[in-house]
Amino acid sequence: MAAVSIAFEAPDNSNGPCPSKGRPIDLVHLAKQTMGDKALEVEVLKIFARQARACLQEVSSGDAKKMQAAAHRLKGAASAVGAFQVSEAADMLENNCGDAACMAAVGAAVVEAENFILKLSR
């Protein structure tokens, strides 16, 4: 009787794949957003990389309003593709505009995500 109940118990991974928030891009999250379409994933990541670079330019403008708006856009775009480290850094910058450490964290997170995307595109 015990063997029967063990056979029909839910496996340990019943919640599905565990998101990989340790990577610059959470590929599990991205796959969910694109319904597993690999070509769409690549296109979305390329668009994100261009948008992230444009946001970095606005962040470096020195204009507080532009900086805050760019950080907000970057936070949303990063969350959508699974670039959670970028999103967290952008959130910190949005709430602390002009803080040099926050600006540096955003720049570093974007570069790390860009490098990850480039490696995936090879």
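Just so you know, residue 1 is the first one in the sequence shown, and it goes up from there.
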- Note on the structure: Heavy atoms of L56 and G107 approach each other most closely as CD2-CA, 3.9 Å

- Interatomic spacing from CD1 in I25 to CD in E114 - rounded to 0.5 Å: 10.0 Å

- Query: Does one hydrophobic cluster hold both I47 and V42, with members joined at side-chain heavy-atom distances below 4.5 Å?
  - Reply: no

- Item | Any donor-acceptor N/O pair, H29 side chain to A80 backbone, under 3.5 Å | yes

- So, the side chain of S79 versus the backbone of S87: is there a donor-acceptor pair under 3.5 Å, distance only? no

- Query: Do L30 and F48 touch side chain to side chain, with heavy atoms closer than 4.5 Å?
  - Reply: no

- Item | Gap between atom CG of L45 and atom CZ of R50 - 0.5 Å precision | 11.0 Å

- Message: Looking at every heavy atom in both Q85 and R23, which two are closest together, and how far apart are they?
- Response: NE2-O, 4.1 Å

- Task: I would like to know whether V81 and V86 meet side-chain contact (heavy atoms from CB on, under 4.5 Å); could you show each step before the answer?
- Result: CA-CA 10 Å; V81 301; V86 174; over 6 Å; no

- Item | In one Ile/Leu/Val/Met/Phe/Trp/Tyr side-chain cluster, 4.5 Å: M67, M92 | no

- Shortest non-hydrogen pair, A64 vs C97, comes out as O-SG, 4.0 Å

- Are I117 and L40 connected, step by step, through hydrophobic side chains (Ile, Leu, Val, Met, Phe, Trp, Tyr) whose heavy atoms are closer than 4.5 Å? yes

- Query: Would a 4.5 Å heavy-atom cut-off, applied to side chains only, mark V106 and E94 as touching?
  - Reply: no

- Rounded to the nearest 0.5 Å, how far does CE of M103 lie from CG of D99? 9.0 Å

- Query: Looking at CG of N95 and NE2 of H72, how far apart are the two atoms once the value is rounded to the nearest 0.5 Å?
  - Reply: 11.0 Å

- When every non-hydrogen atom of L93 is compared with those of G98, the smallest separation belongs to CD1-N, 4.3 Å

- Message: Could you measure the distance from the NZ atom of K66 to the OG atom of S61? Nearest 0.5 Å is fine.
- Response: 5.5 Å

- Query: So, are K38 and E41 salt-bridged, with charged N and O less than 4.0 Å apart?
  - Reply: yes

- Note on the structure: Rounded to the nearest 0.5 angstrom, the CG-CD distance for N96 and Q68 is 10.0 Å

- Answer yes when E88 and K75 have at least one side-chain N-carboxylate O distance shorter than 4.0 Å, and no when they do not. no

